[in-house]
Amino acid sequence: MTNIKKLAQLVKELEDQFVVCIRCGMCQSVCPLFEQTKKEADVARGKLALLDGLMNRMFSNPEGASERLNRCLLCGSCASNCPSGVNVLEIFIKARIILTEYKGLSRTKKIIFRNILSKPKTFNRLMKWAGHFQGIFTKKNKNSQGTSCARLISPLLSNRNFMPVATEPFHEHLPKLDTVSSRSRLKVAFFTGCLIDKIFPKIAKDCIDVFHYHDIGVFIPENQGCCGIPALASGDLKTFEQLVEHHVDLFENNSFDYLITACATCTSTIKKLWPAIYKGNQNRVQNFVEHLSEKTLDINQFLVANIKIDSSHTDGDTDKEIVTYHDPCHLKKSLGIFKEPRQILNASGIKLIEMESPDKCCGMGGSFNLFHYDISSKIGTLKYESIVKTSCKTVATGCPACMMQISDMLAKNKSNINVKHPIELYANNLKSKEGLDKD
Amino acid sequence: MIDHFLVDEFENIVGLPYVLTDIEDMVTYSYDAAVLDPVTPLAAIMPGNSEELGQIIKICNENNLPLTIRGAGTNLSGGTIPSATGIVILTSRLNSIIEINKQDMYAVVQPGVVTATLSEAVEKKGLFYPPDPGSQAVSTLGGNIAENAGGLRGLKYGVTKDYVMGLEFFDAAGRHIKTGSKTVKCATGYNLSGLMVGSEGTLGVIDKIILKLLPLPSHRKSMVAVFNNMEQASETVAAIIANRIIPATLEILDNFTIRAVEAFSNAGLPVDAAALLLIEVDGHPAVVQEDGEKIETLCRKLGAVNIKIAANDQERDKIWAARRSALSALAKLKPTLVLEDVTVPRSRIPDMVKALQQIAKDFKIDIGTFGHAGDGNLHPTILTDKRDVKEWKRVEMAIEAIFEKALAMDGTLSGEHGTGLAKLPFLEKEVGKATIAFSQQLRKALDPNKILNPGKVTGIF
């Protein structure tokens, strides 16, 4: 699919999406990056203007545009605060793809692409032509600069020296699973995700225990991989599509009610970006991706909607562990999920105390943290400060990437606050109750 | 291209990271929120203190380099669109609240402080800074002063000009000028603050601001009155004022706007209402109670079919948040949005509303109308697509028609958005040739090298 036709189609889609921004500037009030740098190129309005104004020039100096586009956490704070409803994340992702694909093109292709783009109104016609040129231009595919999932993780570990890779990743502990429930008839497929598999396997184990406790059938196919977001965020469409298609093959032949992940980023990628990128393709993959998107749920959301969770339960026990909750951007801003994790926490025998601005981005932003560690840390320090003010013993959050960032910030400040996924606290509570019952 | 020696000089003053010249960055300072063509500047500079600001201006003056000051860039009349041969000075790093004085009730701020940031800070101390332009979450106080920004509370509390006690600013030559003081009264020298307010960066560069603060009203009551037609609602507005009641806020929304706002905010606005009045009274509890009741009675008498009173702060905040989203929510409907801010004497609001409806019909265009009806300031918002050449022609004619109507009613072209570039061609109609010549003369005298935001307000001189 990496070809001129796809690029031209993406550019055209972008042009239609640009128009929606009226330059009101309200995104400045919520952008965590703008708060630090005060540069218009760092906030959504500036980036949209840049893309809009430089659509042609972008290709004479793709590095300049690319560098600015990549200075973004992809947290979606702007989009969720945009009264005009600009689909910021989709636009930025597409623009990153266009630039990366373009940079990977041969010289001849670049010239043709540049010429196509310099006359945006003739796209429709040219797109037809592009179909004919495709064969010539895809012969020498130089698209090789995209990062992979594994490459995202390893530099993080070597650079940051925190959260060691688990000695036994989840997929070694439990390579595959296919169980049915005895009573509930409910069956879920579980998408592990790289970070949970390799760094936080306990979260996955706890998920399986919770499914088991609630008598839910589970399907885990062997050989799962990355949801593709690191590749996509670097504009590497080819790797992204390979990953999506790999998972389509894995999940297509089993029947289940929901696809569950415990990673906010995986959930929002599968739910929103998979269909967005495949939109208009009209083939088997596109169909299944749409279908899967509808079935995909965050674990907190799934439990609250399908299992009777008693979150009103209070023991009057004042010695309960104080927990505060950080809203991952990909749960709250992308998917509007913020009540459910709190309901799960309230059902976990802890005392939830809210921090100031719990939905403020932690500054991780995936690869943003790799390339802009100084700004990422400044944003993370603000999060650290609000966490500490709650006097909590544990900070919970539904995203392993946020867990890494928050752990880094806490470690840096020599804090002894624990970082947990809500499901770990929930599972822990179930286990301790069972223990009590046995006594 | 900007001369390299100038870039070096600027870098020496503010430091390397604070001088931007890449085309990719320049594009991001080429626009504001007005529907006008972008103009890319040569450089953008972010001074970190007064001294740096003064030195930059001096260099600009010595080199005939035009400069445009930019706060948040939320201007609706093109006042922050720079000159193609000039630079942009960003006030974003000049953003400290220097002092909030509880005893004497004033605040001293730098120009880059965000309006809402100051409001929140003074409210924490039981004080009140009333001007609240729609963009207050991002707009800067320097920008508010340069534009004489208004807001929702203009009716009772006035606009930005009513709160400026004193200013420090740089003139075109980079000299530091002081005017006004921290005292309630001050009669020394010319009232240069009055001249600077609304000057849109054409007479000087604001460096420090002394703002008047009020005690925070102890009680507030917000209500939404629902009407079956726009005339009844606008007549109610005129009647409230005629009955000597001054609410803090008295806003009108037509059906078009109601639907757009509700779709975005889910504030529970009745989407089938023809018009809504959003009203807030504040002050002493007895006054709030009495005024509230009087307004309710008036509304019902003049045709309100339903009146909903906010039960708590949360409901109140929801109403005003919904109102604040009106502009952007309307923007969702069509690719191009032209927001006007014609203002008429308050008793003429019903006439103006009628005129707007007629203009929409005559020119076959969509006009959503909302605004600060209580102070006579309406926001007829034209929804169109600039790419539709025929419709755009009709839009331009409709705008002229709106202006003519407003002027015929002794109104003004702009209540709060400023002249900038957008209103420039029409200014003469309102103020006459001599006024423009006088203003140009003033500029010539104060800015002989024509570096201060050239082309704005008075045009080229």
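Every chain is numbered from 1 and lettered A, B, ... according to where its sequence line falls, protein lines coming before strand lines.
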Practice prompt. Identify the two heavy atoms, one from B/V27 and one from A/L50, that lie closest to each other, and give their separation to 0.1 Å.
Written response: CG1-CA, 4.0 Å

Worksheet item: Quick one: what part of B/L90 sits under 4.5 Å from any heavy atom of chain A, side chain, backbone, both or neither?
Response: neither

Discussion item. Given heavy-atom pairs under 4.5 angstrom as the criterion, report whether the side chain, backbone, both or neither of B/R93 touches chain A.
Written reply: neither

Discussion item. Using heavy-atom distances under 4.5 Å, tell me whether B/M46 contacts chain A through its side chain, its backbone, both, or neither.
Written reply: side chain

Worksheet item: Which region of B/P38, side chain (C-beta onward) or backbone (N, CA, C, O), has a non-hydrogen atom less than 4.5 Å from a non-hydrogen atom of chain A, or is it both or neither?
Response: neither

Worksheet item: Of all of B/A72, B/A260, B/A34, which one pairs up most often with chain A through heavy atoms under 4.5 Å apart?
Response: B/A72

Discussion item. Any non-hydrogen side-chain atom of B/D22 less than 4.5 Å from a side-chain atom of A/R68?
Written reply: yes

Worksheet item: For B/R324, is it the side chain, the backbone, both, or neither that has a heavy atom closer than 4.5 Å to a heavy atom of chain A?
Response: neither

Discussion item. Looking at chain B, which one of A/K47, A/M26, A/E67, A/R45 has the largest number of heavy-atom pairs inside 4.5 Å, strictly under?
Written reply: A/R45

Item to complete: Measure the spacing between CD of A/Q28 and OG of B/S135 and express it to the nearest 0.5 Å.
Response: 9.5 Å

Discussion item. For the CG atom of B/L337 and the SG atom of A/C24, what is their distance to the nearest 0.5 Å?
Written reply: 10.0 Å

Item to complete: Can you tell which part of A/C82 gets under 4.5 Å to a heavy atom of chain B, answering side chain, backbone, both or neither?
Response: backbone

Worksheet item: With a 4.5 Å limit on heavy-atom distance, are the side chains of A/K38 and B/Y18 in contact?
Response: no

Item to complete: Tell me, yes or no, whether the heavy-atom count around B/K332 atom NZ, taken from other residues, nucleotides or ligands under 6.0 Å, exceeds 12.
Response: yes

Worksheet item: So, for B/Y31 and A/G46, which heavy atoms are closest and what is the spacing to 0.1 Å?
Response: OH-CA, 3.3 Å

Fill in: Smallest separation among heavy atoms of B/D25 and A/A41, with atom names
OD1-CB, 3.4 Å

Worksheet item: Closest approach of A/S84 and B/A331, non-hydrogen atoms and distance?
Response: OG-CB, 3.7 Å

Worksheet item: Between B/N95 and chain A, which part of the residue has a heavy atom less than 4.5 Å away: side chain, backbone, both or neither?
Response: side chain

Discussion item. Taking CD in A/E385 as the centre, count heavy atoms belonging to other residues, nucleotides or ligands within less than 6.0 Å. Is the count above 12?
Written reply: yes

